[in-house]
Amino acid sequence: MAQQLPCDSDGQCMLCKQKPSPSQTLACRTCATPWHLSCLPSPPLSLSDTHWDCPDCSDLSNHQPVAPSAHLLSAIRHIQSDASLTDHQKAKKRQQLLAGAGGSSAEPSKTTDIFDGSLNCSFCMQLPERPVTTPCGHNFCLRCFEKWIGQGKRTCANCRALIPAKMASQPRINSQLAMAIRLAKVAKSGGPSGAPKTYHFVHNEDRPDTAFTTERAKKTGKANACSGKIFVTVPPDHFGPIPAENDPTRNRGVLVGDTWGDRLECRQWGAHLPHVAGIAGQSAYGAQSVALSGGYEDDEDHGEWFLYTGSGGRDLTGNKRTSKVQSFDQSFTSLNEALRLSCKKGFPVRVVRSHKEKRSSYAPESGVRYDGVYRIEKCWRKDGIQGLKVCRYLFVRCDNEPAPWTSDECGDRPRPLPKIDELKGAEGVTERKGDPSWDYDEEKGCWLWKKPPPESRKSVETVHKDGTKVRVKRKAKDVSVKERLLKEFGCQICRKVLSSPLTTPCAHNFCKACLEGAFSGQSFIRNRACQSGRTLRAQKSVMKCPSCSNDIADFLQNPQVNREMMGVIESLQSQAEEDEKSEESSDKNDENLHDAMEVSKSTDSSEKVLEEIKDSDLNQPHKRRKE
DNA sequence: GGGCCCGCAGGG
DNA sequence: CCCTGCGGGCCC
């Protein structure tokens with residue numbers, strides 16, 4: 001092994017004898033020793049990675065009974081950063097690694113079998129649920145750990161090392177370990193031919209930083225900076241997850257667990273746009289996202305559900321942007337009303353958590369993280385901790401991707417509402433009116449828009465390299481719903497409205513039956529035993545997209561029906577039927593003004609549906625889901 | 001760590 | 001145009 005030496009007390013590298021610049025220096029998270037980046041045998045992927053252990057500390061942890069998956073994670077990171085691999089190859093390598101099969105690559109021969117017990121919770125002896133990791137490198141379930149601390153214990157149950165007071169009072173979930181366990185479970189259950197899941201890793205290194213400061217900004221850095229370019233193409237008032245289709249730079253969308261350094265970077269990827277405010281929304285339209293950043297002491301975080309506090313009531317005199325002290329009652333106006341509207345309609349609300357929330361175990365250790373969509377099940381007002389009225393919201397998670405802190409392989413299922421004690425003293429309790437727009441479909445096994453998402457009231461603005469701005473406006477065309485249904489959702493083989501649509505990675509849509517028919521002469525599902533590169537290539541060469549001739553052999557290996565698209569088609573078809581009925585009735589009663597109005601309303605709403613869908617998220621390769 | 005206070009973004 | 005806002009950097 002190459003010699004490994006850190007910097008000395010003067011900051012000079014003991015290996016190359018040079019004094020590296022701060023940007024070339026990396027501090028170990030465990031012992032805080034600085035290291036010269038370019039003298040490290042295996043430098044971390046990113047400078048902003050604050051979870052880096054120096055070679056001494058990672059060796060140390062390796063000698064201990066439990067290695068907190070440091071090697072495993074660095075191996076995973078290495079695979080993910082290998083630009084020569086396709087996503088599919090990466091997935092395969094990860095599976096090999098996590099299943100303990102050992103890598104064929106020159107990568108660390110040291111692989112950790114996650115199921116060998118070494119990572120287990122010392123209390124329940126199972127793989128930790130919501131894992132927390134002590135500085136001494138032992139893992140526990142959050143619940144088991146809290147129980148232990150609740151008994152007044154302050155030492156590690158495994159090695160008796162002292163647990164830092166900060167960790168005892170406020171343990172934080174090791175979401176990297178949660179993810180590693182999740183991936184390992186997938187690899188194990190999926191077997192060698194298991195589908196490459198849509199789980200992902202965050203590459204900090206490919207995150208452009210284009211925030212800038214103007215002449216008049218007196219403070220340096222991002223304190224008074226202008227926002228950089230918005231990379232995603234969803235309109236600013238877009239509800240719900242941000243799909244791959246609206247992510248032209250990466251073509252992957254914003255995925256649960258994506259983490260950014262600060263609110264400005266989070267903004268650039270569209271997860272939560274305001275760079276100070278905690279709520280994004282419009283009082284007459286709804287709220288799209290919220291940030292949990294610890295700004296309001298009444299907040300209460302339980303991961304899958306949390307109690308959120310509205311904004312306002314603060315004294316901002318003295319040119320302040322935020323304040324700890326409340327000086328007047330909050331009311332359901334402005335942003336608080338926007339949240340209440342999202343509650344009534346059952347819209348999905350994106351949630352980001354910031355490291356600045358110190359009282360939550362579910363907050364990320366650093367930066368701002370996207371945790372998926374939640375619904376607001378109820379809202380009300382109550383007397384806040386400071387004695388004045390605050391608006392309150394019960395958020396419950398309803399995302400198709402698993403939360404960053406869980407090792408469950410699948411996303412949320414509808415869950416019973418938690419019991420909220422403070423509802424007893426609440427005033428103005430508001431609940432949903434009618435069926436929620438975003439809901440769980442038992443048949444399809446996922447969350448989706450049961451009602452069409454609200455039509456965007458804004459345009460998407462793209463800024464070209466030369467600085468010119470282009471506005472992409474929506475245009476309403478006077479075409480029947482039926483006609484446009486065919487146009488937007490027609491199979492590219494049979495030219496009829498898609499039935500059981502498959503969306504290829506190249507974003508072309510076909511009925512399942514049509515595409516299967518097109519390849520009926522060949523083995524449609526590749527033989528599981530035939531995985532050598534040669535066999536693969538031989539079969540690949542004949543499996544091309546009928547529309548664009550792109551190679552779709554990988555996709556055809558396990559094609560999944562685009563359920564979201566299917567849902568929208570169904571909803572549109574029923575809209576079209578309704579329209580037809582309305583037209584019939586209006587033909588009969590065309591002297592009746594009221595009926596005529598109803599017709600125009602109805603047509604209007606179908607138009608809205610189509611407008612929304614046009615710029616929306618459906619034409620993306622379908623993500624795989626658990627059954 | 002806590003207090004201060006700035007430009008910016010967006011709602012209305 | 002004015003008001004609000006769960007940031008962020010700096011100074012102490």
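All heavy atoms count here, side chains included; hydrogens, waters and symmetry mates do not. Numbers restart at 1 for each chain; the letters A, B, ... are given by sequence-line order, proteins then strands.
Distance CD (A:E337) to P (B:dG10): 21 Å, rounded to an integer number of Å. Rounded to whole Å, the distance from CG on A:D315 to C1' on B:dG3 is 15 Å. A:K324 places its NZ atom 14 Å from the C1' atom of B:dC4, with the value rounded to the nearest Å. Rounded to a whole Å, the CG atom of A:L273 is 18 Å from the P atom of B:dC8. The CD-C1' distance, from A:E215 to B:dC8, rounds to 16 Å in whole Å.
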Practice problem: Quick one, give me the B/S/- string for nucleotides 1-9 of chain C, reading 5' to 3', where B means a protein heavy atom under 4.0 Å from the base and S means that only happens at the primed atoms, P, OP1 or OP2. | Solution: ---SBBBBB

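For the side chain to side chain contact (heavy atoms under 4.5 Å, CB included) criterion with A:L273, the lone passing option out of A:S289, A:C266, A:P236 is A:P236. With A:Q288 as the fixed residue, the side-chain hydrogen bond (donor to acceptor under 3.5 Å, both in side chains) test singles out one of A:Q282, A:R350, A:H272: A:Q282.
DNA chain B is contacted by both A:Q282 and A:G318; A:G318 maps to the nucleotide lying nearer its 5′ end (nearest heavy atom per residue).
A:T213 comes within 4.0 angstrom of no nucleic acid atom, judged by non-hydrogen atoms across all strands. The residue A:A280 sits apart from the nucleic acid: no heavy atom pair falls under 4.0 Å.
Legend: salt bridge (charged side-chain N to carboxylate O under 4.0 Å, His left out) pairs involving residues 414-426 of chain A, not counting sequence neighbours, sorted by first then second residue: A:K382-A:E422, A:R392-A:E422, A:D412-A:R415, A:K419-A:D421.
Ring centroids of A:Y285 and A:F239 are separated by less than 6.0 Å, placing the two rings close together.
Distances were taken from every side-chain heavy atom of A:R267 (C-beta onward) to each of B:dC8, B:dG12, B:dG10; the shortest belongs to B:dG10.
Partners of A:E146 by side-chain hydrogen bond (donor to acceptor under 3.5 Å, both in side chains), not counting sequence neighbours: none found. Every residue two or more places apart in sequence or in another chain that forms a ring-ring contact (aromatic ring centres under 6.0 Å, His included) with A:F395 is listed here: A:F306, A:Y308. A:E427 pairs by the salt bridge (Lys or Arg N to Asp or Glu O under 4.0 Å) definition with A:R381, A:K389, not counting sequence neighbours.
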Quiz item: What pattern of brackets, bars and dots sums up DNA chain B from 5' to 3', given Watson-Crick or G-U wobble pairs under 3.5 Å, [ ] for crossing pairs and | for another strand?
Solution: ||||||.|||||

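At the phosphate of B:dG11, OP1 or OP2 sits under 4.0 Å from a side-chain N or O atom of A:K458. The side chain of A:S283 places an N or O atom within less than 4.0 Å of a non-bridging phosphate oxygen (OP1 or OP2) of B:dG12.
Taking the ring centre of A:Y296 as origin, the terminal cationic atom of A:R314 falls inside the region bounded by 6.0 Å and 45° from the ring axis.
Ionic pairing of A:E265 and A:K222 is present here: one or more N-O contacts between side-chain nitrogen and carboxylate oxygen are shorter than 4.0 angstrom.
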